[in-house]
Amino acid sequence: MRYKVTFVVGLALGYVLGTRAGRERYEQMRKSARQLAQNPAVRNAAETAGQTGREFAGKAFTAVSQKVGDAVPDSLTGRVRGLRGRAGGTGEDDWGTSNT
């Protein structure tokens, strides 16, 4: 979903930069984009898509971490937030900074 939105934004930006329509066409497109972004249906759809994506990512993370288990190297365990309690993960990377 994020890539589609990025693509559409890129198309709009390319059109604005590439056209000779002028400032008024730019303002018209900007107003339309703002109205679209403030539309409750669009906001609800975006929120639902984000929540669904987070749920699937969580399920995938759980499935992978259960299969991989302790086979994850300690250097990686400390960098992945969900694995920090396992196998000596310190919560800091090789440079001594926190990855939170």
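In this chain, numbering begins with 1 at the start of the sequence shown.
A pairwise comparison of heavy atoms in Gln38 and Arg43 identifies O-CD, 4.0 Å as the closest pair.
A 6.0 Å sphere centred on CD of Gln35 holds more than 12 heavy atoms belonging to other residues, nucleotides or ligands. Around CD of Glu55, the count of heavy atoms belonging to other residues, nucleotides or ligands within 6.0 Å exceeds 12.
Residues passing the side-chain hydrogen bond (donor to acceptor under 3.5 Å, both in side chains) test with Glu27 are Arg23, sequence neighbours excluded.
No side-chain heavy atom of Gln28 sits under 4.5 Å from any side-chain heavy atom of Lys31.
In this structure, OG1 on Thr62 lies 12.5 Å from NZ on Lys67, to the nearest 0.5 angstrom. With values rounded to the nearest 0.5 angstrom, Thr6 atom OG1 is found 11.0 Å from Leu11 atom CG.
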